[in-house]
Number of protein chains: 2
Amino acid sequence: MASLLLYNIGSLATPRSENASRLSGLAMGNIHTEQNAAIFIENGVITRIGASSELEKEANVAERFDAKGMAALPGFVDSHTHTVFGGNRANEFAMRSSGKTYQEIAAAGGGILSTMNATRKASHEELFHIGKKRLDAMLRHGTTTVEIKSGYGLDTASELKILEVIQELARTHPMTIIPTFLGAHAFPPEYKNDREAYIELVCKEMLPAVKERNLATFCDIFCEENYFSPEQSERVLNTARELGFKLKLHADQLSDSGASALGVRLGAVSVDHLECTTASGAQVIAASETIATALPGASLFLNHPYPPVRALIDAGATVALATDFNPGSSVTFSMPMMMTLAATQMRMTPEEALTASTLNGASALSLAHERGSIEVGKRADVLLADVSHFYEISYHFAMNHIAHVIKDGKVVV
Amino acid sequence: MASLLLYNIGSLATPRSENASRLSGLAMGNIHTEQNAAIFIENGVITRIGASSELEKEANVAERFDAKGMAALPGFVDSHTHTVFGGNRANEFAMRSSGKTYQEIAAAGGGILSTMNATRKASHEELFHIGKKRLDAMLRHGTTTVEIKSGYGLDTASELKILEVIQELARTHPMTIIPTFLGAHAFPPEYKNDREAYIELVCKEMLPAVKERNLATFCDIFCEENYFSPEQSERVLNTARELGFKLKLHADQLSDSGASALGVRLGAVSVDHLECTTASGAQVIAASETIATALPGASLFLNHPYPPVRALIDAGATVALATDFNPGSSVTFSMPMMMTLAATQMRMTPEEALTASTLNGASALSLAHERGSIEVGKRADVLLADVSHFYEISYHFAMNHIAHVIKDGKVVV
């Protein structure tokens, strides 16, 4: 039996699900810590957690790994990214610093459509190569599970191409990868003057094709002014749900369109962004099973307001953090940087931020039964960080403190 | 003769001083770029810059280094840090996320005085070891020149201890290190009820002792409500100036106390922070030779306003960027992250941010005659970054893109 003993852990910190799939409200601050610990892993699953001095006596161990006093925490679960795309938009970044807004750049032919053009042109092999390089870097920064959305193809063939690349990455990369269909990310130029026809295409052609090939777990949509209206979003999401997809929404990013309430009503697993969610909207989310996913990288990058995370937590919501990695509005792989922004800009405690970046991220991907915490019975996705306390991972920012990554019981970094 | 040829540079980007010591106002945006370039270095000095295809023909080269198409830019000059101190304040970071302000934490015995206690207790060897580890990480993130302040001793022996550690680091570390005396960082508990006596101690004992041992180039002071008044600051700085120190001020961080105007009047090389500098204050700085040093990491970390950098540049000021690395208000080594904050939060273009992080940083340390740009005659402090354009260094944030560091003509990373 493949087994691994991680011993000599200085300080272990993890949320505990106690067989719940998430921590909500103030319970998000409940982080279990253990000093001088060890973790015993068999066939990729955590089977024992205890004092290092005790577990080191275990004789029947295939591999021993000395953590050298480093801190251990669960692998990060980045539950909202757009990792597979062609090109970059560094030029638009420079334009915004000169005063142009994200919306103005989009109106001038930049934005999502510029990435769409680069992505349509790229071959499967090119996208796979780019995607793999990005995932390698994410893994080095401690992300062990990642959601990846399509949405830069915006025609059936290109959307399928992106999802097939994601599938190949999922088969070949150590990270756990959850695919999401986001054909309704923007209206492509071909349908600029006939938006209803694009909705038809998404519902009648794309979604069934994705389903038939089993290429995505979730269906997501950008519900926003100038993108998809609440009515159009409801049509697409209802179709998706009937086909068996789980649901997510890009909700309330640039305006309060009622998208998060729509998500709750449709039973979405998560509503993401929420920069413009109001106090009453926060109450609606908090009263539901839907997870509120905050993406503070986009707020920083676009200099937009941050989502009302404190209000959400205080109202009892389940909050997750994710990077929103994408070329236009949040260009980062770093979950620790999201935790720094959470603490400094959104008044989350470091404990809440850790829960949001691990267990609640896993919950936002319906994976919390097997990932997102260091507990007996869970898959062994564990980070070793060169710090004495997990606070330092977000306290000392814009630096990668992750020294080793254990994924499914294997030391991969 | 020691010589090094850096060839096969994809894209070289640098400000050019053209024998000026700085770039002011809109000239900060003048970045010179060159494609497919090479840099020839002799005895640590850049002697030729040109087409890689041409310079590769140079026969008389001791060492050749293939940049493999990477981007080259000048080493970062971090002109404001507090790198030598004991302990950390991750606990206070957690307290602030729960709603406590920086001032409240300081009033409760945290803040500068908590680091003072840890630093007083630490031995020279301990501080050297910690300092070296931090400098190694800074160097890996592309900083080739750094200013380090004392200011966590607050008694004569401890201030001298810190400055002696900085001197030993300067002698032994590849980085160029500029020491600053900051005995007037806060009032130590011993002088809580007799602040005038501490001013006397700084002026009559500390400054002469530092001068006698030649331990610092600059004298700095924290001019701020509850710290040092403008009158006290003027006394300390006048004494320092008479002793031959160059001057810097922590100015207008928490309130507009007139500190930046004081700095201008005293001929300070730089006034740093400026979060609360008004439009008229910006005009005063812009009309002077004094450099405006923005520390956006502190604004992010404390969730304070950002300094009015756009107004300063538009008024013609010389702006520098620095990390302000310290345990309480900006825990980062990353100059690229400062450039990201500059572009997203302060409306600096990436070009302006590059000038501010290199040439103008060097100018803030009176080093621009020999460092801060890639030009013939300058010391060879050059970064190779794994990007195709220097924009990507700040665009893709919270990730270290620096692959190699050349310091004084030697490949050190």
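Just so we're clear, the structure is a prediction, and the values are computed from it rather than from any experiment. Just so we're on the same page: letters track the sequence lines, and every chain starts at 1.
Between chain A and the options B:P336, B:A94, B:G29, heavy-atom pairs under 4.5 Å are most frequent for B:A94.
Side-chain atoms of A:M399 and B:M337, non-hydrogen and from C-beta on, never get closer than 4.5 Å to each other.
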Between chain A and chain B: donor-acceptor pairs at under 3.5 Å:
from, atom 1, to, atom 2, distance (Å)
A:R89, N, B:Y395, OH, 2.7
A:S97, OG, B:M348, O, 3.4
A:S98, O, B:R347, NH2, 3.4
A:L300, O, B:Q345, NE2, 2.8
A:N303, ND2, B:T344, O, 3.3
A:P327, O, B:Y395, OH, 2.5
A:V331, O, B:F397, N, 2.9
A:T332, OG1, B:F397, O, 3.0
A:T344, O, B:N303, ND2, 3.3
A:Q345, NE2, B:L300, O, 2.8
A:R347, NH2, B:S98, O, 3.4
A:M348, O, B:S97, OG, 3.4
A:Y395, OH, B:R89, N, 2.7
A:Y395, OH, B:P327, O, 2.5
A:F397, N, B:V331, O, 2.9
A:F397, O, B:T332, OG1, 3.0

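How far CZ of B:F397 is from CZ of A:F397: 12.0 Å, rounded to the nearest 0.5 Å.
For the side-chain contact (heavy atoms from CB on, under 4.5 Å) test, residues two or more places apart in sequence or in another chain that qualify with B:A342 are B:L321, B:M346, B:M348, B:A353. Not counting sequence neighbours, the partners of B:A67 by the side-chain contact (heavy atoms from CB on, under 4.5 Å) test are B:I9, B:L384. The side-chain contact (heavy atoms from CB on, under 4.5 Å) search around B:A292 returns B:L274, B:I285, B:L312, B:V319, not counting sequence neighbours.
For B:L302, no part lies near chain A; criterion is any non-hydrogen pair under 4.5 Å.
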